[in-house]
Structure formats: structure tokens, C-alpha cells
Chemist: 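Can you keep this structure in mind? I'll have questions shortly.
Along the sequence shown, residues carry numbers from 1. Read the numbers this way: they start at 1 and go in the same order the structure lists the ligands and their atoms. Quick caveat: nothing in here was measured; it's all calculated off a predicted structure.
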Amino acid sequence: MKLEQLEVYRMAMPLAQSFSNSQTTIKTRVFDLVKLTTSTGASGWGETVAFETPWYTTETIESCRHSIEHYLWPLIRGQEITTPKQLIQLFGQVKGHQMAQAAIETAFWGLYSKEVGMPLNRLLGSVNDEVAVGVSLGLDTAEKLLQKVAEVVAKGYTRVKIKIKPGQDIETVRLIRQQFPKLKLMVDANGAYTLSDLDLLVQLDAYQLEMIEQPLGDDDFIDHATLQKRLQTKICLDENIHSLEDVKVAQALGSARAINVKWGRVGGITKALDIIAYCQANDLLVWCGGMFESGVGRAYNLALASLPGMDFPGDISEARRYWQEDIVKQPQLLRDGKLIVSEGVGPGFEVDSQLVRKYCLKKERFI
Ligand code: OSB
Ligand code: MG
């Protein structure tokens, strides 16, 4: 496939409900859609999952746009590329810029799966028809969260994650656990604590949480290892993990017993597959996270989450929990707490160009 054109659409989509975590509040999701087109007119879509500010990772949508235009696209422009592996090799000299790389790499997987005539999930090795999924609930008062947990449990979700931060933690968890003694429940601090909170964090062990996600700083492995030794609850790393090497460090030091894998944060699907394989071979629980992707990005999440051995329900709830209007033609719908894996050839979504236009702020074309 000869890559001839790359389009970047700056999107601003209002979230169905605003979302707060320990770092920020998001009301409108601003991101870039990327569209790769070949010399025969075939196309594949991806998205840049970075945020407007670097609260989650060092990358931002502007830094991604910049590196796509100046570093990544020039490496592949006009090239004849047959497989995702070749694409990654061409990106080989680029350090970091994982989210920028992932935007193009996923778009290429979209193209590639259509070219070989298979559903993407099957191409990656999935044998599942449906995937149990969970929800991630933003910070809120204990009362409102209890209500929201009741709602999502009634809808059929089998796992609930709540965001926590100092002052909004133990008591909320205690109340939810009291009302939902059997629920797969977990918490995510997005790095809001330090080791000086050890006594408080140890109290979470009383509530049979599935795991605690990213309790400490985004570049800390040492203190996480100290904390994991003192906790029964599994620590899951999110922000720390940008590569397989980060996972190996976490494993060697004992910083975590679970890994939240996101293709955007680790540089694409191929890199995510390597991480998943390593975790499965090394007794680390691995599951698929999310970051408010559109129907484009969430289709790639679902493909990863449907792989064998990804037994823990990911942060992939149905489209209407995220968006007033998603930009794909058949937004995912929940059935019995599960999402249906697409059987169609390609990445499992069809972009609705009218809706893309509706939420697009500006469009750029690189040839
Ligand atoms: O920490 O997992 C996170 C969303 C954006 C960025 C980081 C995170 C999240 C979520 C929500 O927790 C996941 C989702 O439902 O898409
Ligand atoms: Mg997280």
C-alpha cells in the first residue's frame, strides 16, 4: 500500500456527562482524527488520544499534531508499506511521541485489516464474540456515586472503577462496598497520593478491591514497589507505562501486579500486543483501559480487549455513556454487560462523515 495522503481533523466533542479525576475536569473532548489514504483511494482512520494539556502524559494534542506533521508523516509519506511491522520500523528512530505514533499506527491497522479482508480483532488473534466491560466513574459526592453505581450495575456492567483523591476516598469506598458487597470494584487515583499516605492507603485493603490504579506519581517505580509490599490490594500501573521496558521495570521491582494497557500511551497496537504477551507470560494481570476515545479509538480498544487472556473487564463502556453523538455509524451498545465484537472486515467501525464535519474545528491535509 502506497501511503499518499494524511488528513488531520481537530475535533471537539461534548461529553455526555462531564468527568473529574484527581487532576482535571473534562467537559468537551478535544482530539485529532487522522485519516490515511493510499494511492488506490483506500483509507484508514485513527485518533490522537492526547489531551489539550499534559495532565495525563507529557504529550498533548498539539505536540502530537506537530510530531505527526514534522517527524512521522515525512518518514512514511509516499512509501510502499505492506505490514504494521514495516510501519513501526520506519518510525524506529523516533524516541517517545507514543500517542502521535499510535494515531498513525492504528489508522494503518484499519487499512491493513481491510486490505487482508479480515475483522481486525480476528487478525489480532481474538476468538471471542463478545467482551464483558466495565465503567470508570468520575469524582463525585458519595451520595451521587452510590446512585451512579446502582445505575450502571442495573444496566449490566460487571466491574466499576471510581476515581479517588485525598479526602474523597475511604469513606466513599466503604459506602459503595456496603451496598454492593459482591461487585468487582476498583479505584483509580491518577497519581494523587504519596508514600506519606501509606496508613490511609493500607485501609483500602479492608474493601476487597480488584486493584488500586496509579496511586502514586506517574514516573515513580520505587515508591510503588514499597507500597505494593505493604498492600494486599493489587497495584495497577497506568500513567507509568509507555513501553514494554516500563512493564519490565515494574515487574522486576515489584511496583505492580496489574497493568492497564492503552494502545495510545504505548505507541500503538503492535506495542500493546507485546505488552499483553509479556504480562501473560509473567503473571501480571493485564487489561484494556480507555481515555474517552471516539467510536474510532474505542473500536481499537475493543479489539484488544477481546483477545484471549484479557479476562478483566476494560474501561470500555457503551458509546452513549461518553457522547451525545458518536461519530461512527453504529455506536456500540451494551448487551448483558457485554459489547459485541464486530464480525465485519476491517477495524469494526464506519466513520459518519457528516458527524465528523459537525464536530470538526479545522482540517489539514498533508500530501
Ligand atoms: O486514568 O484511566 C484513566 C480517562 C482519560 C484518561 C485517563 C483515564 C481515564 C478513565 C476513563 O479512567 C476511561 C474511559 O472510560 O474511557
Ligand atoms: Mg487510570
Side-chain angles (χ1 to χ4, degrees), residues 13 15-31 47-61 98-99 102 131-140 145 148-149 152 155 157-165 185-193 209-218 220 224 234-242 246 250 256 258-266 272 285-302 304-305 312-323 326 331-332 334 339:
M13 285 166 64
L15 285 175
Q17 44 202 348
S18 81
F19 190 100
S20 297
N21 59 32
S22 64
Q23 308 296 322
T24 193
T25 295
I26 301 166
K27 296 193 173 78
T28 299
R29 181 67 162 112
V30 181
F31 64 100
E47 80 181 74
T48 298
V49 293
F51 293 92
E52 289 173 276
T53 64
W55 68 266
Y56 175 69
T57 53
T58 56
E59 291 183 273
T60 63
I61 41 169
Q98 286 87 346
M99 289 176 173
V131 182
V133 291
V135 294
S136 173
L137 299 175
L139 286 169
D140 216 326
L145 268 173
K148 285 188 181 174
V149 173
V152 297
K155 285 236 166 80
Y157 289 102
T158 51
R159 190 233 60 188
V160 174
K161 160 167 138 182
I162 63 162
K163 296 288 182 175
I164 57 169
K165 71 173 186 184
L185 180 65
M186 60 179 286
V187 294
D188 184 356
N190 291 102
Y193 297 88
L209 297 177
E210 297 290 327
M211 58 188 87
I212 172 169
E213 189 171 320
Q214 199 68 40
L216 312 178
D218 67 291
D220 164 79
H224 273 112
K234 288 188 185 77
I235 292 178
C236 172
L237 289 180
D238 175 354
E239 280 88 331
N240 281 62
I241 306 298
H242 306 102
D246 286 336
I259 300 295
N260 171 331
V261 72
K262 296 180 181 171
W263 53 260
R265 201 188 55 237
V266 303
L285 198 151
V286 60
W287 60 282
C288 185
M291 31 196 312
F292 309 131
E293 293 88 351
S294 76
V296 171
R298 282 207 332 293
Y300 296 113
N301 292 353
L302 191 61
L304 284 182
F312 191 74
D315 284 343
I316 320 174
S317 50
E318 62 180 340
R320 68 172 141 215
R321 279 192 46 79
Y322 297 95
W323 310 112
D326 202 347
Q332 295 151 348
L334 195 75
L339 293 178

Chemist: Ignoring hydrogens and geometry, is there a side-chain-to-backbone donor-acceptor pair from Glu213 to Asn260 under 3.5 Å?
Modeler: no
Chemist: If you measure from CG on Asp220 to CG on Leu237, what distance do you get to the nearest 0.5 Å?
Modeler: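 Those atoms lie 8.5 Å apart.
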Chemist: In Å and rounded to the nearest 0.5 Å, what is the CZ to OG distance from Arg321 to Ser136?
Modeler: 8.5 Å
Chemist: So Phe51 and Tyr56, would you call those rings parallel, tilted or perpendicular, with 30° and 60° as cut-offs?
Modeler: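 Rings of Phe51 and Tyr56: perpendicular, as their planes differ by over 60°.
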Chemist: Could you tell me whether the side chain of Arg265 and the main chain of Val49 form a donor-acceptor pair under 3.5 Å?
Modeler: no
Chemist: For the side chain of Tyr322 and the backbone of Glu293, is there at least one donor-acceptor N/O pair under 3.5 Å apart?
Modeler: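 Not a single qualifying donor-acceptor pair exists.
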Chemist: Taking non-hydrogen atoms within less than 4.0 Å of ligand 1, which protein residues qualify?
Modeler: Phe51, Trp55, Tyr56, Ser136, Lys161, Lys163, Asp188, Asn190, Glu213, Asp238, Lys262, Gly290, Met291, Phe292, Asp315, Tyr322
Chemist: Indicate yes or no: does Arg159 engage Asp315 in a salt bridge with an N to O separation below 4.0 Å.
Modeler: yes
Chemist: Sub-3.5 Å donor-acceptor pair from the side chain of Gln332 to the main-chain atoms of Leu339, do we have one?
Modeler: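 Looks like no, no N/O pair under 3.5 Å.
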Chemist: Examine distances only and state if a side-chain atom of Glu59 and a backbone atom of Met99 form a donor-acceptor pair shorter than 3.5 Å.
Modeler: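 Confirmed, Glu59 side chain pairs with Met99 backbone.
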Chemist: Using 2.8 Å as the cut-off, note every protein N, O or S atom close to the Mg ion (ligand 2).
Modeler: Asp188 OD2, Glu213 OE2, Asp238 OD2
